[in-house]
Amino acid sequence: MDPLPRRWYETEAAELAPRLLDKLLASTIGGRRVVGRIIEVEAYDESDPASHTFIGPTARNNVMFGSAAHLYVYLSYGIHHCANVVAGPVGRGQAVLLRALRPIDGLETIRSRRSGRPDRELTDGPGKLCAALGIDRSVNGLDLLATNSPVTILDDGTAPPTNPVVGPRIGISKAVDTPWRFRVPPNKS
DNA sequence: AAAGAGATGGTCT
DNA sequence: GACCATCTCTTTT
């Protein structure tokens, strides 16, 4: 279970996205540790009309223009949080949205944070996985590689899928056709 | 099974 | 004041 070096994240978001599949996302928040395997992601960059960075740097999006392997967390529709991994070199506004996980550890914590939901719906959406891991804007801008970081990404040696499902993007109204959503094939998820 | 709508607040014009 | 990188509940086929 090794962290990945920052260099590993310093690529185009569309290139980083499929490589994040099958990596482990771990959080230790509120004294409870939760781990999930990343099974769906979506890339965004500053040339993308649907991206927060399309309009250039602002107070909200500036972490996306910063150093790779940091966390960009924003509030969606006033209710849910969404978590992204910053990609690319400093100065480019790129990140990969984490869209779905498969629970690996801390299932009781996940269930309590998503109380009343069937297991199938614990972490199958960007807002849901943030709730399950206890991620909110207090961890926005966090360095995934900092020592004792409450949120980390780990490589347990599982290779990313050789044939990820590439599909249309979701939840946006512009540039829906850009095939920048990647998912672990159904049999593996 | 699918479609529709409300919740709710930060961000930007 | 409009617009959301969503989720859940309700209503309709």
Side-chain angles (χ1 to χ4, degrees), chain A residues 9 11-21 23 25 27 29 34 36 38-66 68-88 92-103 109-142 144 151 153 164-184 186 189:
Chain A
Y9 296 88
T11 75
E12 298 295 303
E15 192 180 316
L16 176 61
R19 288 195 290 124
L20 280 167
L21 294 175
K23 295 292 178 284
L25 179 66
S27 74
I29 288 172
V34 171
I38 299 168
I39 61 171
E40 186 175 327
V41 295
E42 188 167 329
Y44 287 88
D45 78 14
E46 72 277 19
S47 70
D48 175 355
S51 172
H52 290 171
T53 53
F54 185 67
I55 59 174
T58 67
R60 173 174 65 163
N61 68 22
N62 73 80
V63 9
M64 276 183 73
F65 285 95
H70 287 244
L71 214 50
Y72 170 53
V73 181
Y74 69 93
L75 185 63
S76 178
Y77 292 89
I79 303 175
H80 307 104
H81 297 276
C82 290
N84 301 249
V85 178
V86 175
R92 303 284 308 282
Q94 308 191 3
V96 177
L97 172 66
L98 303 175
R99 291 201 60 91
L101 303 177
R102 175 155 36 97
T109 297
I110 294 175
R111 286 186 180 131
S112 74
R113 285 173 174 158
R114 302 266 309 131
S115 69
R117 302 283 123 211
D119 280 3
R120 162 159 215 93
E121 298 171 12
L122 292 177
T123 54
D124 63 337
K128 301 179 197 180
L129 75 85
C130 281
L133 270 70
I135 291 173
D136 62 22
R137 292 190 316 158
S138 68
V139 293
N140 182 40
L142 183 86
L144 293 172
V151 181
I153 289 178
V165 177
V166 182
R169 298 154 76 211
I170 290 185
I172 56 176
S173 48
K174 308 215 130 208
V176 190
D177 306 331
T178 314
W180 277 4
R181 186 168 62 92
F182 304 89
R183 190 172 172 100
V184 172
S189 72

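Just so we're on the same page: letters track the sequence lines, and every chain starts at 1.
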Q: Whole angstrom is fine here: how far is it from CD in Glu42(A) over to C1' in dT6(C)?
A: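 Checked: the CD to C1' distance equals 12 Å.
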Q: Please state how far atom CG in Asn140(A) lies from atom P in dT11(B), giving the value in whole angstrom units.
A: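 In whole Å, dT11(B) P and Asn140(A) CG are 9 Å from each other.
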Q: Using both distances under 3.5 Å as the test, list the Watson-Crick or G-U wobble partner of dT8(B), or none.
A: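 WC or wobble partner does not exist here.
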Q: Whole-Å distance between dG9(B) P and Arg60(A) CZ?
A: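 Distance check: Arg60(A) CZ to dG9(B) P gives 16 Å.
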Q: Nearest to the Ser51(A) side chain among dA5(C), dT8(C), dG10(B), which nucleotide is it?
A: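 Comparing dA5(C), dT8(C), dG10(B) against the side chain of Ser51(A), the answer is dA5(C).
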Q: Take atom NE2 of His80(A) and atom C1' of dC9(C), then tell me their distance rounded to the nearest Å.
A: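 The distance from NE2 of His80(A) to C1' of dC9(C) comes to 12 Å, rounded to the nearest Å.
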Q: Can you tell me how far C1' of dC7(C) sits from CD of Glu121(A), to the nearest Å?
A: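 Rounded to the whole Å, the gap is 10 Å.
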Q: For dC7(C), does either OP1 or OP2 sit under 4.0 Å from a side-chain N or O belonging to Arg99(A)?
A: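 Looking at the OP1 and OP2 atoms of dC7(C), neither is under 4.0 Å from any side-chain N or O of Arg99(A).
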Q: Would you say that Tyr72(A) contacts Arg60(A) through its side chain, given a criterion of any heavy-atom pair below 4.5 Å between the two side chains?
A: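 They are in contact (side-chain heavy atoms under 4.5 Å apart), so the answer is yes.
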Q: Within this structure, what is the CG-to-P distance between Leu75(A) and dA7(B), rounded to whole angstrom?
A: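 Taking atom P of dA7(B) as the reference, CG of Leu75(A) is at 17 Å.
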Q: Checking contacts here: which listed nucleotide (dT6(C), dG10(B), dA5(C)) is nearest the side-chain heavy atoms of Ser76(A)?
A: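 Among the listed nucleotides, the one closest to the side chain of Ser76(A) is dT6(C).
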Q: Between atom CZ in Phe54(A) and atom P in dT13(B), what is the gap in whole Å?
A: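 Rounded to whole Å, this separation is 12 Å.
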Q: Evaluate the side-chain proximity of His81(A) to Leu75(A): yes if any heavy-atom separation is below 4.5 Å, no if none is.
A: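 Result yes, sub-4.5 Å side-chain heavy-atom pair found.
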Q: Going by ring centres under 5.5 Å and near-parallel planes (under 30°), is Tyr74(A) stacked on dA5(C)?
A: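 Here the ring of Tyr74(A) and the base of dA5(C) are not stacked, as the 5.5 Å and 30° limits are not both satisfied.
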Q: Is it the case that dA7(B) (base atoms only) and Tyr77(A) (side chain only) share a donor and an acceptor within less than 3.5 Å, ignoring hydrogens and angles?
A: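 No.
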Q: If pairing requires Watson-Crick or G-U wobble contacts with both distances under 3.5 Å, which nucleotide is the partner of dA5(C)?
A: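 dA5(C) is unpaired by these criteria.
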Q: Among dA5(C), dC9(C), dG10(B), find the nucleotide with the atom closest to the side chain of Arg117(A).
A: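 Comparing dA5(C), dC9(C), dG10(B) against the side chain of Arg117(A), the answer is dC9(C).
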Q: Does Leu133(A) offer a backbone N or O that forms a donor-acceptor pair with the side chain of Ser27(A) under 3.5 Å?
A: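 Looks like yes, one N/O pair under 3.5 Å.
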Q: Nearest to the side chain of Ile55(A), heavy atoms from C-beta on, is which of dT8(C), dT13(B), dA5(C)?
A: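 That would be dT13(B).
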Q: Heavy-atom nearest nucleotide on DNA chain B for Asn61(A) versus Ile79(A): which residue maps closer to 5'?
A: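 Of the two residues, Ile79(A) wins.
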Q: Whole Å only: how far is the CG atom of Asp124(A) from the C1' atom of dT8(C)?
A: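 Taking atom C1' of dT8(C) as the reference, CG of Asp124(A) is at 12 Å.
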Q: Do Glu40(A) and Val165(A) come close enough that some side-chain heavy atom pair is under 4.5 Å?
A: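 A side-chain contact is absent here, since even the closest heavy-atom pair is not under 4.5 Å.
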Q: Shortest non-hydrogen contact from Leu98(A) to Ile38(A)?
A: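 Closest heavy-atom pair between Leu98(A) and Ile38(A): CD2-CD1, 4.1 Å.
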